[in-house]
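Have a look at the structure below, then the notes.
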Amino acid sequence: MKKFKILRFENGNIFNLDDFVVEEKILNVFANGELVQSVFYSNKNEFYLALGVLFYNNIIVSKNEILNYSSKENDFSVNLYFEIVSKRSKSIDFNEINKIDVIKASSLFTLMKQTLTHSNAFAITGGTHIVSVATKDNLLAYFEDISRLSAVLKVVGFLVDNEMRDETLLFTSGRINYNIVQIASKINSKIIVSQSAVSTLAIKSGDSLNITLVGFLRGNRFNIYSHPERISQ
């Protein structure tokens with residue numbers, strides 16, 4: 001984040017004020033000399049974000065496919081250049097893993113509360129989302145970002161880097177849309193929980209991909225939009 005001198009209008013008066021603003025940049029991810037994707041992001045963690053981009057775009061299955069990487073940076077963007085092996089790893093087998101059969105509703109409230117306590121940049125700037133990944137009992141990682149998509153892709157990169165294949169839960173302060181459900185399916189996240197709304201395409205996608213979608217988790221209530229069998233009282 002960066003500090004800017006601004007003018008504040010309040011109660012009919014205008015005065016000078018120092019304001020902290022999220023520092024937004026562009027990450028350009030290259031694989032074997034070709035641009036894979038450019039994403040807007042904030043709050044560092046470029047390597048995890050790049051791993052998430054590579055995994056989501058089917059460039060890698062495992063971090064072991066990366067031979068080396070380098071970076072270039074300026075005030076507005078970061079370029080990460082990856083050299084990827086030509087022989088692909090085997091696709092991920094999700095059959096022999098720890099599964100999430102049922103989780104208590106009280107655990108959803110607890111894990112969301114833990115997630116939001118890490119929203120430090122949001123508390124200062126009001127300009128970031130937060131996304132976390134968790135087991136039934138504990139948070140594994142959390143990331144703030146100006147982009148909801150980039151925050152989710154950082155989670156993907158964290159899981160790829162740590163070679164985690166077990167079923168997990170995703171928690172987000174932002175809306176659940178189609179794209180987030182598609183990403184969740186690729187990393188074996190079977191429950192997505194949001195403080196906010198859920199889109200129609202997200203619900204259709206959650207139904208077909210066997211993913212539980214929970215929206216508007218606030219106070220002591222939430223809505224279940226797909227596969228309610230995973231949530232118990």
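Keep in mind that the numbers below use all heavy atoms, side chains included, and drop hydrogens, waters and symmetry copies.
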Report the distance from atom [atom1] of [X] to atom [atom2] of [Y], rounding to the nearest 0.5 Å.
{"X": "Ile103", "Y": "Ile231", "atom1": "CD1", "atom2": "CD1", "value": "6.5 Å"}
{"X": "Phe40", "Y": "Ser147", "atom1": "CZ", "atom2": "OG", "value": "9.5 Å"}
{"X": "Ile59", "Y": "Asn57", "atom1": "CD1", "atom2": "CG", "value": "6.0 Å"}
{"X": "Phe158", "Y": "Asn45", "atom1": "CZ", "atom2": "CG", "value": "10.5 Å"}
{"X": "Ser196", "Y": "Arg218", "atom1": "OG", "atom2": "CZ", "value": "6.0 Å"}
{"X": "Leu217", "Y": "Asn223", "atom1": "CG", "atom2": "CG", "value": "9.5 Å"}

- Apply the side-chain hydrogen bond (donor to acceptor under 3.5 Å, both in side chains) test between Tyr41 and each candidate in Lys25, Glu23, Glu24, Glu46; give the one that qualifies. Glu46
Taking all non-hydrogen atoms of both residues into account, name the closest pair between [X] and [Y] and its distance.
{"X": "Leu17", "Y": "Arg8", "answer": "CD2-NH2, 3.2 Å"}
{"X": "Leu139", "Y": "Ser132", "answer": "CD2-OG, 3.7 Å"}
{"X": "Leu80", "Y": "Ser71", "answer": "CD2-CB, 3.3 Å"}
{"X": "Ile146", "Y": "Gly127", "answer": "CG1-O, 3.5 Å"}
{"X": "Glu167", "Y": "Ile100", "answer": "OE1-N, 2.6 Å"}
{"X": "Ile192", "Y": "Ala184", "answer": "CD1-CB, 3.6 Å"}

Contact between [X] and [Y] at the side-chain level, heavy atoms closer than 4.5 Å - yes or no?
{"X": "Leu108", "Y": "Met112", "value": "no"}
{"X": "Tyr56", "Y": "Asn179", "value": "yes"}
{"X": "Lys5", "Y": "Asp18", "value": "yes"}
{"X": "His129", "Y": "Val152", "value": "no"}
{"X": "Leu51", "Y": "Ile66", "value": "yes"}
{"X": "Phe143", "Y": "Val131", "value": "no"}
{"X": "Ile211", "Y": "Ser185", "value": "yes"}
{"X": "Arg148", "Y": "Asn177", "value": "yes"}

So for atom [atom1], which belongs to [X], do other residues, nucleotides or ligands contribute more than 12 heavy atoms lying within a distance under 6.0 Å?
{"X": "Asn220", "atom1": "CG", "value": "no"}
{"X": "Glu34", "atom1": "CD", "value": "no"}
{"X": "Phe47", "atom1": "CZ", "value": "yes"}
{"X": "Lys63", "atom1": "NZ", "value": "yes"}
{"X": "Phe15", "atom1": "CZ", "value": "yes"}
{"X": "Phe216", "atom1": "CZ", "value": "yes"}
{"X": "Phe122", "atom1": "CZ", "value": "no"}
{"X": "Phe109", "atom1": "CZ", "value": "yes"}

- Go through the structure and list residues passing ring-ring contact (aromatic ring centres under 6.0 Å, His included) with His227, not counting sequence neighbours.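 For His227, no residue satisfies ring-ring contact (aromatic ring centres under 6.0 Å, His included) once neighbours in sequence are set aside.
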- Message: Under a plain distance cut-off of 3.5 Å, with no hydrogens placed, do Asn28 and Asn79 share a side-chain donor-acceptor pair?
- Response: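 Asn79 vs Asn28: donor-acceptor pair found between side chains.
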- So if you build clusters from Ile, Leu, Val, Met, Phe, Trp, Tyr with side-chain heavy-atom gaps below 4.5 Å, do Val155 and Leu213 land together? yes
- Other than Phe20, what residues sit in its cluster of Ile, Leu, Val, Met, Phe, Trp and Tyr side chains whose heavy atoms are under 4.5 Å apart, directly or through others?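 Grouped by the 4.5 Å side-chain rule, Met1, Ile124 form the rest of the cluster around Phe20.
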- Yes or no on side-chain contact (heavy atoms from CB on, under 4.5 Å) for Ser194 and Arg175, after CA distance, side-chain angles and deciding distance? CA-CA 7 Å; Ser194 172; Arg175 298 179 301 279; 5.7 Å; no
- Message: One pair to check against side-chain contact (heavy atoms from CB on, under 4.5 Å): Gln114 and Phe171. What are the steps and the verdict?
- Response: CA-CA 10 Å; Gln114 291 175 1; Phe171 290 83; over 6 Å; no
- Message: Evaluate Val22 against Asn43 for side-chain contact (heavy atoms from CB on, under 4.5 Å), listing each step before the verdict.
- Response: CA-CA 8 Å; Val22 178; Asn43 298 72; 4.2 Å; yes
- Item | Option passing side chain to side chain contact (heavy atoms under 4.5 Å, CB included) with Ile60 (candidates Leu54, Val85, Val53) | Leu54
- Exam field: side chain Gln182 to backbone Tyr178, donor-acceptor pair closer than 3.5 Å: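 Answer holds: no.
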- Query: Looking only at atom types and distance, does a side-chain atom of Ser205 sit under 3.5 Å from a main-chain N or O of Leu201, one as donor and one as acceptor?
  - Reply: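 Not confirmed, Ser205 side chain does not pair with Leu201 backbone.
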- In terms of the angle between their ring planes, are His118 and Tyr142 parallel, tilted or perpendicular, with boundaries placed at 30° and 60°? parallel
- Please assess Leu7 against Asn16 for the test side-chain contact (heavy atoms from CB on, under 4.5 Å), listing each intermediate value before the final yes or no. CA-CA 5 Å; Leu7 291 177; Asn16 294 311; 3.1 Å; yes
